[in-house]
Every structure is written in structure tokens, then in C-alpha cells.
Amino acid sequence: MPGKPNATTPAERRRLILAAVRAIAAGEVAGYGEVARRAGLPGCARLVARVLSAGDEPGLPWHRVLRSDGRVAFPAGSEGFDEQVQRLRAEGVQVEAGRVRGQRAAPTLDELLWAPPEVPIPPHRR
DNA sequence: ACTCTGACCAGCC
DNA sequence: GGGCTGGCCAGAG
């Protein structure tokens with residue numbers, strides 16, 4: 001077939017990104033760039049952001065996607081910010097001033113690859 | 001076809 | 001720790 005070795009169409013990329021986001025386990029967080037990497041689309045962090053901003057897919061754990069700094073991607077005080085923080089806390093993620101503590105948003109996944117099925121969440125920790 | 005914008009990232013100072 | 005710059009992809013005007 002005339003050359004289409006990879007996902008060159010936006011719809012295909014979008015599907016891959018959605019799958020990668022769904023693959024994030026509860027209590028885990030991932031950066032936009034990391035999600036793009038898992039989707040097989042390195043460098044497409046902005047595309048991930050765009051897909052999430054569409055908000056079409058119901059049940060998508062979009063709140064588990066953070067910036068590479070571990071910060072919430074919404075401006076502090078906005079609705080999206082507030083909701084994302086609450087959702088993360090509901091899953092046991094410790095959020096402090098819009099920033100996730102205890103986990104790395106974008107660690108070196110050189111060997112980590114796909115995340116473990118479940119992560120032990122300490123009940124309370126400081 | 002061009003320009004601007006966006007739930008971004010990595011590098012450098 | 002913070003701020004600037006360039007690069008990135010896709011959609012809207």
C-alpha cells in the first residue's frame with residue numbers, strides 16, 4: 001500500500017493518545033509528553049493537550065495528566081483546576097498548591113515503560 | 001497558503 | 001528556584 005507506515009492521520013493519533021491516557025492507572029499521574037511517548041508519538045505533547053481540551057471522550061481520566069513539572073495544567077482558580085485537584089485527591093494523590101507530591105510527572109522512563117497495574121498509595125504521608 | 005493560538009516540553013541563562 | 005527561546009502538532013480565521 002502506498003506509504004502510510006505510521007499513524008499520519010489526526011484521527012489515528014487521537015485514538016492512540018486516548019488509549020495512552022486510559023492506560024494511566026488510578027492514583028498515578030503522567031505528563032503530557034510522557035503520554036505522547038507512551039502513545040508512540042514523541043514530541044506531540046501539545047497534541048495531547050489539544051485532545052484533552054476537546055473533552056469528547058466520557059470516562060477519560062484526563063485529570064491524571066499533568067505538566068512535566070508535576071503542576072496542574074490549568075490556571076490556578078479556574079474550574080478545570082479545581083476539579084482536577086479534587087479528582088486527584090479523591091484517588092489518593094497528594095496535591096499541594098496545584099502541584100503533585102510524592103510522584104514524578106515525567107521521570108526517566110527509559111526502562112519503566114508502561115506503568116505497573118497498581119501503585120501502593122500510602123494513607124497519609126508527609 | 002499564512003498567521004495565530006493552545007490543558008506543552010526541553011534547553012539555557 | 002525562575003524566566004526566555006525555540007520547537008512541536010493541529011485547528012480556526
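Letters A, B, ... are given to chains in the order of the sequence lines, protein chains preceding strands, and every chain is numbered from 1.
The phosphate of dA10(B) (OP1 or OP2) has a side-chain N or O of Ser68(A) nearer than 4.0 angstrom.
In this structure, the side chains of Asp56(A) and Arg14(A) come closer than 4.5 Å at one or more pairs of heavy atoms.
For the pair Ile17(A) CD1 and dA7(B) P, the computed distance is 15 Å after rounding to whole Å. Rounded to whole Å, atom C1' of dC8(B) lies 14 Å from atom CD of Gln84(A). In this structure, Arg14(A) places its CZ atom 16 Å from C1' of dA7(B), rounding to the nearest Å. Following rounding to the nearest Å, Leu88(A) (CG) and dA7(B) (C1') show an atom-to-atom distance of 13 Å.
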Nucleotide-resolved protein contact map, nucleotides 2-13 of chain C, B/S/- at heavy-atom distance under 4.0 Å: -----BBSSS--
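Across all strands shown, Arg99(A) has heavy atoms under 4.0 Å from sugar-phosphate atoms exclusively, and none from any base. At a threshold of 4.0 angstrom between heavy atoms, the contacts of Gly33(A) are confined to the sugar-phosphate backbone, with no base atom among them.
A side-chain hydrogen bond (donor to acceptor under 3.5 Å, both in side chains) check over residues 72-83 of chain A, counting only residues at least two apart or in different chains, returns the pairs Asp82(A)-Gln86(A).
Every residue meeting the side-chain contact (heavy atoms from CB on, under 4.5 Å) condition with Arg15(A), not counting sequence neighbours, appears here in chain and number order: Glu12(A). Contacts of Ala45(A) classified as side-chain contact (heavy atoms from CB on, under 4.5 Å), with partners at least two apart in sequence or in another chain: Tyr32(A). Taking Arg87(A) as the reference, His63(A) meet the side chain to side chain donor-acceptor pair (under 3.5 Å) condition, with sequence neighbours excluded.
Taking the C1' atoms as reference points, dG13(C) lies 22 Å from dA7(B), given to the whole Å.
Each of dA7(B), dA10(B), dC8(B) was ranked by its minimum atom distance to the side chain of Ser53(A); first place goes to dA7(B).
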Please tabulate, one pair per line, all N/O donor-acceptor pairs under 3.5 Å involving side-chain atoms of residues 20-27 of chain A, not counting sequence neighbours.
residue	atom	partner	partner atom	Å
Arg22(A)	NH2	Glu57(A)	OE1	2.7

